[in-house]
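A quick write-up on the structure given underneath.
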Amino acid sequence: MPPIGEQERIVAELDLLQGIIEKKKEQLKAYDQLAQSIFYTMFGDPIDNPKGWETKCMVELFDIGSSKRVFESQWQNEGIPFYRAREIVKFAQNEPIDSPIFVSEELYSEYAGKYGVPSKGDIMVTAVGTLGVCYIVKAEDRFYFKDGNILWFKSKGLCESRFIKDQYATPFVMGQIQGNANAAVVGTYTITNAKKTKVIVPPLQLQKDYVQKVEAIERQKALVQQSIDETQTMFDYTMDKYFG
């Protein structure tokens, strides 16, 4: 037990680091609110559609489907990442994946050749449990996914995927998803309902302008998140130094 003065110094050091982390997390929330504000400023509330944008069903903008069946016996501890709805939710929350699952390179290559795999600009949408959470596929991504858990929106190049992803977070779209969810056992977002989901479709150039703005915000968020990670590492080191 160190002297009381030393205890107070240790507590003050830890409190300082924890305070920095909390302030940085609040900064992330502020950036998210800014991005949401930009959406509503540029496009209005899709429910009322005060700017009179054209409305289309998702099937007009994306080819919508899911994956081929992968059995649990085909899961592995290494290889190509295999995602379920819970992993997509983790991505949306910027949280690490616990106990990741993989499939073999051979299975991935077989399915890629026969059925295709997600590519840049496609949107993966959770279809069970937490519904309507979106992940936009990056150029470097190589993964497969669970049928029935995730819907695959294949881009036709008719709209900006990031604009659609952010519209999916609005009450306009979420209300449609929740209202049409099959709740016999757990909530589900079916391919049929996904095809019928309506979204506003402003001119493509305006969508691009919006995406440029929110991507600039995302770059700032990445810097803040890096600072959080570094401060958390320092906090963990300090805890280990004094109490480990």
Side-chain angles (χ1 to χ4, degrees), residues 11-47 81 83-100 118 120-127 129-141 143 145 150 153 159-175 177-178 189 199-200 202 206-240:
V11 169
E13 184 176 349
L14 293 172
D15 283 349
L16 175 62
L17 294 172
Q18 189 62 48
I20 292 173
I21 292 172
E22 293 304 320
K23 287 181 179 179
K24 293 292 184 180
K25 288 182 177 179
E26 289 298 320
Q27 192 174 353
L28 288 180
K29 292 179 182 178
Y31 276 130
D32 287 336
Q33 291 169 356
L34 175 60
Q36 185 181 64
S37 175
I38 291 172
F39 181 95
Y40 282 100
T41 297
M42 292 183 67
F43 307 112
D45 188 338
I47 292 177
Y83 298 149
R84 299 158 294 175
R86 69 190 70 179
E87 279 78 32
I88 299 299
V89 171
K90 288 285 188 180
F91 287 147
Q93 297 171 342
N94 292 315
E95 295 180 358
I97 295 175
D98 301 321
S99 303
K120 180 182 178 182
D122 292 350
I123 307 177
M124 317 308 295
V125 184
T126 58
T130 304
L131 306 179
V133 177
C134 299
Y135 172 74
I136 299 176
V137 180
K138 302 180 179 67
E140 65 271 19
D141 282 337
F143 66 88
F145 61 100
I150 301 172
F153 291 8
C159 58
E160 285 289 323
S161 294
R162 176 59 195 259
F163 170 74
I164 296 298
K165 173 182 179 292
D166 289 354
Q167 194 172 166
Y168 256 65
T170 66
F172 176 61
V173 174
M174 289 306 301
I177 293 173
Q178 298 294 343
Y189 184 40
V199 292
I200 58 169
L206 192 61
Q207 296 180 39
K208 291 180 181 294
D209 293 343
Y210 167 76
V211 171
Q212 287 183 345
K213 294 177 187 295
V214 295
E215 285 182 346
I217 292 173
E218 290 296 332
R219 288 191 290 271
Q220 293 301 314
K221 286 178 62 179
L223 294 175
V224 174
Q225 185 61 54
Q226 180 181 351
S227 177
I228 290 174
D229 295 341
E230 291 171 351
T231 307
Q232 184 65 54
T233 298
M234 188 179 302
F235 181 90
D236 295 340
Y237 167 78
T238 304
M239 286 286 291
D240 186 64

- Does any non-hydrogen side-chain atom of Ile200 lie less than 4.5 Å from one of Phe163? yes
- Task: Without swapping roles, check the side chain of Ser37 against the backbone of Gln33 for a donor-acceptor pair under 3.5 Å.
- Result: no
Can I get a per-line list of side-chain donor-acceptor pairs under 3.5 Å for residues 16-25, giving both atom names and the distance, sequence neighbours left out?
unit_1, atom_1, unit_2, atom_2, d
Gln18, NE2, Glu22, OE2, 3.0

- Message: Tell me whether Met174 at atom CE has more than 12 heavy atoms from other residues, nucleotides or ligands lying less than 6.0 Å away.
- Response: yes
- Task: For Gln93, check side chain to side chain contact (heavy atoms under 4.5 Å, CB included) against everything at least two apart and list the hits.
- Result: Val89, Glu95
- Message: Around atom CZ of Arg86, are there more than 12 heavy atoms from other residues, nucleotides or ligands closer than 6.0 Å?
- Response: no
- Query: Can you name the side-chain hydrogen bond (donor to acceptor under 3.5 Å, both in side chains) partners of Gln178, sequence neighbours left out?
  - Reply: none
- side chain to side chain contact (heavy atoms under 4.5 Å, CB included) against Ile47, all qualifying residues, sequence neighbours excluded: Asp45, Pro171, Phe172
- N-O pairing of Lys90 and Glu87 below 4.0 Å: no
- Query: Just checking, any donor-acceptor pair under 3.5 angstrom between side chains of Asp141 and Tyr83?
  - Reply: no
- One should read off an interatomic distance between Tyr168 OH and Tyr189 OH, to the nearest 0.5 angstrom, of 3.0 Å
- Item | Partners passing side chain to side chain contact (heavy atoms under 4.5 Å, CB included) against Ala35 (at least two apart in sequence or in another chain) | Val214, Ile217
- Note on the structure: For residues 30-41, the salt bridge (Lys or Arg N to Asp or Glu O under 4.0 Å) pairs (sequence neighbours left out) are Asp32-Lys221
- Does the pair Lys213/Asp209 count as a salt bridge with the N-to-O cut at 4.0 Å? no
- Do you know the tightest heavy-atom contact between Gln167 and Pro46? OE1-CB, 4.2 Å
